[in-house]
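I have a structure here, written as structure tokens, and I will follow up with some questions on it.
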Amino acid sequence: MAVYHAGSRAVQDRVGVREQADHVGRSVGQGIREVAAAFLELQPLLVAGAADPATGRVWASPLTGTPGFVRATGPRRISVAGGWLPADPLATAFATPGTPVGTIALDPRTRRRMRLNGRLDPTARGFAVEADQVFANCPKYLQRRQGYEVVADRRRGSAVHGGELTPAQAEFITAADTFFLASVHGGGADVSHRGGNPGFVQACSPGELSWPDYPGNSMFLTLGNLAADPRAGLLFLDWTTGTALQLTGEAHTDFGPDRRVRFTVREVVETPSALPLRWSAPEYSPANPDPAH
């Protein structure tokens with residue numbers, strides 16, 4: 001499978017970084033190395049992104065479990081032992097063979113992250129993914145959190161659905177220092193991380209968000225996907241209470257001196273106390289720009 005499709009190439013050419021993207025793209029493979037397998041087995045959180053086969057809407061979903069619930073079970077294969085929310089928008093996707101899925105394992109303790117994209121195969125305990133792309137990202141814009149605890153008596157609330165953001169949800173988003181962005185293209189799906197100081201994501205209205213596209217690795221996998229297919233899913237987590245806020249809609253990039261992405265909200269799912277994890281306070285990345293500028 002080629003690293004880049006026409007959407008990513010178009011963005012790379014527009015920004016003038018095709019040569020750099022070719023260099024970075026050599027790090028993308030299909031195999032899971034031993035160091036990557038060991039990294040996966042330490043993680044209590046995985047984020048998956050896909051399109052719901054029933055509606056076509058794209059979502060990013062959190063999956064949690066005791067470390068080891070995600071593990072490499074073959075040279076190109078990972079297995080996930082459940083861990084998604086009971087009413088997750090991607091529950092149908094996780095049970096549908098051949099679903100294109102993107103995953104990201106992010107460890108705030110070490111500021112490391114690993115992405116694996118491929119095709120999903122349901123299993124008795126959850127699902128497996130046969131990898132098409134496996135690669136790591138640099139720690140840029142990733143906030144360090146020294147550790148976490150499992151809150152065993154945390155009671156998950158019922159999922160609340162809406163068609164636009166409430167004022168409280170808008171405040172939640174503008175206070176965020178991290179979110180996950182799922183996107184798709186004709187050949188697959190992907191999930192990326194976006195980070196910055198609180199305020200870097202703006203709730204422009206109950207139906208629209210925007211955020212700056214900070215300089216990264218020049219691959220433009222996400223913006224390339226959005227250029228080819230604007231469907232997208234966002235996931236915001238409260239790293240203290242475990243609340244998960246999932247949004248689906250369409251995203252478009254405004255190219256200019258200050259590149260920004262604008263996201264139109266189509267559906268919102270908020271699950272209070274969704275995850276049993278309570279992380280320590282963040283140490284913001286020194287790479288984070290001041291959102292006021």
Under 6.0 Å from the CZ atom of Arg145, do we count more than 12 heavy atoms belonging to anything else shown? yes

Please state whether the rings of Phe263 and Trp211 are parallel, tilted or perpendicular, taking 30° and 60° as the class boundaries. tilted

Heavy-atom distance under 4.5 Å between the side chains of Arg278 and Arg154, does that happen here? yes

More than 12 heavy atoms of other residues, nucleotides or ligands under 6.0 Å from CZ of Arg33: yes or no? no

Quick one: sort the Phe127 and Phe94 rings into parallel, tilted or perpendicular, breaks at 30° and 60°. parallel

Is the number of heavy atoms from other residues, nucleotides or ligands under 6.0 Å of Glu149 CD greater than 12? yes

I want to check something: taking the side chain as every heavy atom from C-beta on, are Arg266 and Glu250 in contact at a cut-off of under 4.5 Å? yes

Donor-acceptor side-chain pairing of Gln246 and Glu267 below 3.5 angstrom: no

Within the side chain of Glu41, is there an N or O that forms a donor-acceptor pair under 3.5 Å with the backbone of Ala37? no

Residues Thr222, Arg194; criterion side-chain contact (heavy atoms from CB on, under 4.5 Å); working and verdict: CA-CA 11 Å; Thr222 299; Arg194 293 292 186 267; 3.5 Å; yes

In this structure, are over 12 heavy atoms from other groups packed under 6.0 Å from Arg260 atom CZ? yes

State whether the side chain of Ser285 and the backbone N or O of Gln143 hold a donor-acceptor pair below 3.5 Å, judged by distance alone. no

Donor-acceptor pair, distance only, cut-off 3.5 Å: does the side chain of Arg76 make one with the backbone of Glu130? no

